[in-house]
Asks: 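Sending over a structure as structure tokens; questions will come in a sec.
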Amino acid sequence: MSDALQVLTRRFGERCRQNCHELAALVAARDEAGLKLLSHKLVGAAATFGHPGLSEAAAAVEDQLDLGGWPDAAALDRLRIQLAAVADA
């Protein structure tokens with residue numbers, strides 16, 4: 001892996017740690033717009049950096065929001081777990 005890619009990958013992991021806190025705040029506030037934005041960003045970024053589980057979990061949350069409802073607890077829990085796993089990697 002090139003030095004530049006290693007730096008970007010490290011930054012993505014750091015950003016995921018921040019996103020864990022952001023996710024908790026968005027869920028606590030039931031901020032649909034903020035949660036949609038975060039999940040949308042995670043779908044693409046996670047796929048780019050080789051984290052399909054995180055990308056799929058974020059897509060599930062985004063899809064539920066697109067359908068006009070608040071994501072169910074299982075989808076939110078899966079996103080939390082996947083995000084934490086990447087942050088701790």
Side-chain angles (χ1 to χ4, degrees):
M1 183 182 303
S2 72
D3 290 342
L5 187 54
Q6 285 179 340
V7 169
L8 291 172
T9 300
R10 181 182 49 78
R11 286 183 185 164
F12 179 69
E14 291 168 358
R15 182 69 185 152
C16 284
R17 279 187 281 288
Q18 295 169 354
N19 290 154
C20 287
H21 300 291
E22 183 180 0
L23 176 62
L26 292 169
V27 170
R30 293 191 64 90
D31 182 345
E32 289 184 28
L35 183 57
K36 180 163 176 45
L37 181 61
L38 176 62
S39 60
H40 181 77
K41 288 178 182 179
L42 287 170
V43 169
T48 298
F49 286 100
H51 299 285
L54 175 55
S55 182
E56 292 166 9
V61 168
E62 184 179 24
D63 288 347
Q64 288 184 25
L65 289 164
D66 284 343
L67 292 172
W70 186 253
D72 60 43
L76 290 170
D77 286 344
R78 183 170 175 230
L79 180 55
R80 280 187 200 104
I81 290 165
Q82 291 293 322
L83 192 55
V86 173
D88 292 339

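FYI, the numbering just counts along the sequence from 1.
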Asks: What pairs with R80 under side chain to side chain contact (heavy atoms under 4.5 Å, CB included), at least two apart in sequence or on another chain?
Replies: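 Partners of R80 under the side chain to side chain contact (heavy atoms under 4.5 Å, CB included) test: L23, V27, L76, D77.
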Asks: Is it true that L37 and F12 fall in one hydrophobic cluster, defined by side-chain heavy atoms closer than 4.5 Å?
Replies: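 L37 and F12: separate clusters.
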Asks: Holding to side chain to side chain contact (heavy atoms under 4.5 Å, CB included), I want the full list of residues that pass it with R10, two or more places apart in sequence or in another chain.
Replies: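 Counting only residues at least two positions away or on another chain, R10 forms a side chain to side chain contact (heavy atoms under 4.5 Å, CB included) with V7, E14.
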Asks: From I81 CD1 over to R78 CZ, what is the distance, rounded to the nearest 0.5 angstrom?
Replies: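 Answer rounded to 0.5 Å: 9.5 Å.
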Asks: Can you name the residues that form a side-chain hydrogen bond (donor to acceptor under 3.5 Å, both in side chains) with D31, not counting sequence neighbours?
Replies: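 Testing D31 for side-chain hydrogen bond (donor to acceptor under 3.5 Å, both in side chains), a comparison that skips the adjacent residues, returns none.
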Asks: Nearest heavy-atom pair of H51 and V86: which atoms, and what distance?
Replies: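 That would be ND1-CG2, 3.5 Å.
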Asks: Under the side chain to side chain donor-acceptor pair (under 3.5 Å) rule, what pairs show up with a residue in residues 16-29, not counting sequence neighbours?
Replies: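 Of all non-adjacent pairs touching residues 16-29, those that pass side chain to side chain donor-acceptor pair (under 3.5 Å) are R15-Q18, N19-E22.
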Asks: Looking at CG of L8 and CZ of F49, how far apart are the two atoms once the value is rounded to the nearest 0.5 Å?
Replies: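 Result: 5.0 Å between the selected atoms.
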Asks: Which residues pass the side-chain hydrogen bond (donor to acceptor under 3.5 Å, both in side chains) test with Q82, not counting sequence neighbours?
Replies: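 Checked Q82 against side-chain hydrogen bond (donor to acceptor under 3.5 Å, both in side chains); zero matches.
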Asks: Once rounded to the nearest 0.5 Å, what's the spacing between atom CG of L83 and atom CG of D88?
Replies: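 Reported value, rounded in 0.5 Å steps: 9.5 Å.
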Asks: What are the two closest non-hydrogen atoms of A46 and S55, and how far apart are they?
Replies: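 Scanning both residues completely, I find the closest heavy atoms to be CB-N, 3.6 Å.
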Asks: Identify the two heavy atoms, one from W70 and one from Q64, that lie closest to each other, and give their separation to 0.1 Å.
Replies: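 Result for this residue pair: O-OE1, 4.1 Å.
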Asks: Quick one: list whatever passes side chain to side chain contact (heavy atoms under 4.5 Å, CB included) with E62, sequence neighbours left out.
Replies: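 For E62, the residues satisfying side chain to side chain contact (heavy atoms under 4.5 Å, CB included) (neighbours in sequence not counted) are K36, S39, H40, V43, D66.
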Asks: Looking at side-chain heavy atoms only, is the closest gap between C16 and L54 below 4.5 Å?
Replies: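 Yes, close enough: below the 4.5 Å cut-off.
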